[in-house]
Amino acid sequence: MIYVKNLEDEVYLQAYRQSLANRGGDSALLDQAIEMNLLRKKRTQELETKKAEQKKASEQIGSKKKKGEDASSEMAAVQKLKEEIKGLEESFEEAKNSLDSILLQLPNKVHESVPVGKSDADNRVERTVGEKPSFAFAAKAHHEIAEAMGIVDFERASKVAGARFSFLLHWGAKLERALMNFMLDLHTDEHGYKEVIPPYLVNTESMYGTGQFPKFQEDVFHIKNFPFYLIPTAEAPMTNYYRDEMLNEEDLPQRFAAYSSCFRSEAGSYGKDTKGLIRQHQFEKVELMTFVHPDKSYEEHDRLTQNAEEVLKRLELHYRVSTLCTGDISFGAAKCYDIEVWLPGENAYREISSCSNFEDFQARRINTRFRPKGGGKPQYVHTLNGSGLAIGRTVIAVIENYQQEDGSIRVPKVLQKYLGTEILK
RNA sequence: GGAGAGGUGGCAGAGCGGUUGAAUGCACCGGUCUUGAAAACCGGCAGGCCUUCGCGGGUCUCGUGAGUUCGAAUCUCACCCUCUCCGCCA
């Protein structure tokens with residue numbers, strides 16, 4: 001009963017219904033939730049009345065016994081009450097559980113500024129930064145270049161692990177490591193994030209906390225015989241960092257730059273992006289995650305997105321930023337910007353970061369609140385996260401945008417100190 | 001893996017079957033005193049849910065879940081987590 005703000009606030013519900021419709025769904029589940037909530041309240045009252053009776057009777061028995069009086073008739077009466085309570089408890093649990101499972105399936109309400117639309121074609125491009133590079137030769141795809149250089153090996157990876165895995169070798173591995181260091185240095189030294197390496201395995205509760213479960217169980221790897229899941233993103237451990245905690249207002253904002261490997265089953269994307277490093281079961285990512293005061297979350301959303309963009313700016317890569325429309329935005333997000341980098345080998349823009357404001361959607365699930373400064377009721381924090389950036393895809397972007405006719409790769413200026421060279425060959 | 005100890009409010013820490021949602025201290029908020037601050041003193045101060053226009057009332061929560069009992073933070077069982085010692089291991 002904590003997953004949706006208020007099932008009795010008509011103004012809120014009206015906006016929420018509109019949001020559900022804009023997402024391409026209907027209000028059937030919501031209507032069920034409202035109905036179930038009424039039932040839950042009714043059951044609560046019935047149950048609590050009986051329990052109050054029982055409690056009083058017990059107290060009487062206590063005081064009678066203390067005085068050495070006989071209390072056997074009262075005890076018999078309580079026995080009867082207990083039976084009734086047991087039955088009421090069952091129907092209360094039933095109502096509560098079905099309400100909970102309905103609420104877990106309801107997506108976040110989208111922000112007013114989110115464009116209404118059906119698919120990614122309706123996303124709104126906010127800005128385009130930099131220029132597409134021009135080549136005096138036909139630009140190649142990253143995997144052609146990398147395989148020719150011998151810095152990636154897909155064949156042996158499929159023997160050793162399977163499809164959608166790779167060995168990065170020599171400059172391939174070093175480029176990845178350089179990018180990881182560059183991103184973390186930028187976000188920690190200049191943008192004020194705290195560097196983190198989180199657990200790569202998390203428990204079931206954590207998957208519910210981020211909103212990954214119950215809807216997207218198929219997308220993550222489960223460890224057989226253990227209650228652990230491989231994280232699909234550092235968002236999973238980081239969002240749960242303050243689970244069930246009460247923060248002070250002065251503790252906000254909290255900003256983390258978490259480096260981790262990410263693991264995704266990619267179920268349902270068979271045949272999509274099978275070539276190259278674009279869609280792997282395992283990839284590296286620097287995730288930006290912040291916990292902020294509810295009044296500050298939209299300001300923070302823009303800040304976080306700019307922090308992610310800064311990586312591309314310094315790498316001098318061309319990209320664009322779009323606001324995802326209601327039909328394309330994810331289940332838990334209230335608003336989301338996608339950053340897409342230009343890939344000349346593919347002649348297309350590709351998502352390299354997704355920056356979301358969840359408002360209190362995740363905070364309600366993880367039960368993370370803060371105490372307002374001058375006292376008053378605890379409030380839910382707002383959570384945000386965004387890739388800053390997906391390292392594997394940044395490797396691709398660097399290879400394709402900095403490729404040379406002779407098959408070598410120029411090194412972006414900001415990476416030269418990390419790689420100790422101006423050219424990879 | 002073996003042996004022990006423990007998980008209580010924002011924090012620390014008592015309580016170990018009966019009006020205990022919980023002593024005390026710290027933190028926090030309000031007040032007295034002070035030119036101001038500190039100190040001292042006085043008072044307040046957990047959260048969720050239901051109910052009430054409001055005062056308030058009810059109920060649940062002392063790691064989690066089941067159980068014993070008229071009644072459980074206190075007893076029993078299972079599980080989870082933390083710590084100490086031994087063994088093994090990067």
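By convention in this document, chain letters (A, B, ...) are assigned in the order of the sequence lines, proteins followed by strands, and residues within each chain are numbered from 1. Only this structure's heavy atoms are used, side chains among them; waters, hydrogens and symmetry mates stay out.
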_Please confirm whether the shortest side-chain N or O distance from A:K41 to OP1 or OP2 of B:U51 is below 4.0 Å._
yes

_Looking only at the side chain of A:E48 (C-beta and beyond, no hydrogens), which of the listed nucleotides B:G47, B:C70, B:C49 gets closest?_
B:C49

*Mind calculating the distance between CG (A:D244) and P (B:C81) to the nearest angstrom?*
16 Å

*Answer yes if the ring centres of A:H382 and A:F361 are under 6.0 angstrom apart, and no otherwise.*
no

*When you compare B:A72 with B:U8, how far apart are their C1' atoms, in angstrom units rounded to a whole number?*
14 Å

_I'd like to know whether the aromatic ring centres of A:H222 and A:F228 sit less than 6.0 Å apart in this structure._
no

*Would you kindly give the CG-to-P distance between A:D251 and B:A27, to the nearest whole Å?*
17 Å

_By nearest atom, which of the nucleotides B:U51, B:G47, B:C70 is closest to the A:R371 side chain?_
B:G47

*For B:G48, does OP1 or OP2 lie under 4.0 Å from any side-chain N or O of A:K377?*
yes

_Between A:D338 and A:S354 (side chain of the first, backbone of the second, donor and acceptor by atom type, cut-off under 3.5 Å), is there such a pair?_
no

_Would you measure the distance from the C1' atom in B:G6 across to the matching atom in B:C60 and give it in whole Å?_
26 Å

*Take atom CD of A:E8 and atom C1' of B:C50, then tell me their distance rounded to the nearest Å.*
10 Å

*Expressed in angstrom and rounded to an integer, what is the separation of A:L7 atom CG from B:C49 atom P?*
12 Å

_Residue A:S58, side-chain atoms from C-beta onward, closest of B:C60, B:C50, B:G71_ = B:G71

*Side chain of A:Q79: nearest nucleotide among B:C49, B:G47, B:C70?*
B:C70

*asked:* Using the side-chain heavy atoms of A:R369, tell me which of these nucleotides is nearest: B:U59, B:C70, B:G48.
replied: B:G48

*Rounding to the closest angstrom, what is the interatomic distance between B:U20 and B:A73 at atom C1'?*
9 Å

*Pair A:Y241 + A:F256: ring centers closer than 6.0 Å*: yes

_For the residue pair A:D302 / A:Q306, report whether a side-chain donor-acceptor contact shorter than 3.5 Å exists._
no

*So what does A:A52 touch, heavy atoms closer than 4.0 Å: a base, only the sugar-phosphate, or nothing?*
sugar-phosphate

*If each of A:Q45 and A:N248 is mapped to the nucleotide of RNA chain B with the nearest heavy atom, which maps nearer the 5' terminus, i.e. the 5' end?*
A:N248

_A:I85 CD1 - B:G67 P separation (whole Å)_ = 14 Å

_Among B:G48, B:U59, B:C70, which nucleotide has an atom closest to any side-chain atom of A:K55?_
B:U59

*Using ring pair (Phe, Tyr, Trp, His ring centres under 6.0 Å) as the criterion, point out the one residue from A:Y380, A:F291, A:F370 that pairs with A:Y242.*
A:F291

*P spacing across the pair B:C45 / B:C50, given as an integer number of angstrom*: 23 Å

*Can you tell me the distance, in whole Å, between the CZ atom of A:R243 and the C1' atom of B:C80?*
12 Å

_Tell me whether A:N240 contacts the main-chain N or O of A:A236 through its side chain, where contact means a donor paired with an acceptor under 3.5 Å._
yes

*Counting N and O atoms only, with roles assigned by atom type, does the side chain of A:Q105 sit under 3.5 Å from a partner on the main chain of A:S101, one being a donor and the other an acceptor?*
yes

*What is the distance from CG of A:N367 to C1' of B:U61, rounded to the nearest Å?*
12 Å

_I'd like the P distance from B:G10 over to B:U64, given in whole Å._
13 Å

*Spacing of the P atoms in B:A27 and B:C83 (rounded, Å)*: 29 Å

_Nearest-Å distance for atom pair CD/C1', residues A:E245 and B:C81_ = 15 Å

*Using a cut-off of strictly less than 4.0 Å, decide whether A:Q54 has a side-chain nitrogen or oxygen near OP1 or OP2 of B:C70.*
no

*Rounding to the closest angstrom, what is the interatomic distance between B:A14 and B:G25 at atom C1'?*
11 Å

*How does RNA chain B look in dot-bracket notation if pairs are Watson-Crick or G-U with both distances under 3.5 Å, crossing ones as [ ], other-strand ones as |?*
((((((((.[[[..)..(.....]]].(((((.......))))).((((((....)))))).[[[[[..)....]]]]])))))))....

_Upstream residue (5' side of RNA chain B) when A:K51 and A:G62 are each assigned their closest nucleotide_ = A:G62

*Below 4.0 Å: OP1/OP2 of B:G71 and any side-chain N or O of A:K82*: yes

_Whole-Å P distance, B:G43 and B:C11_ = 25 Å

*From A:N385 CG over to A:S356 OG, what is the distance, rounded to the nearest 0.5 angstrom?*
5.5 Å

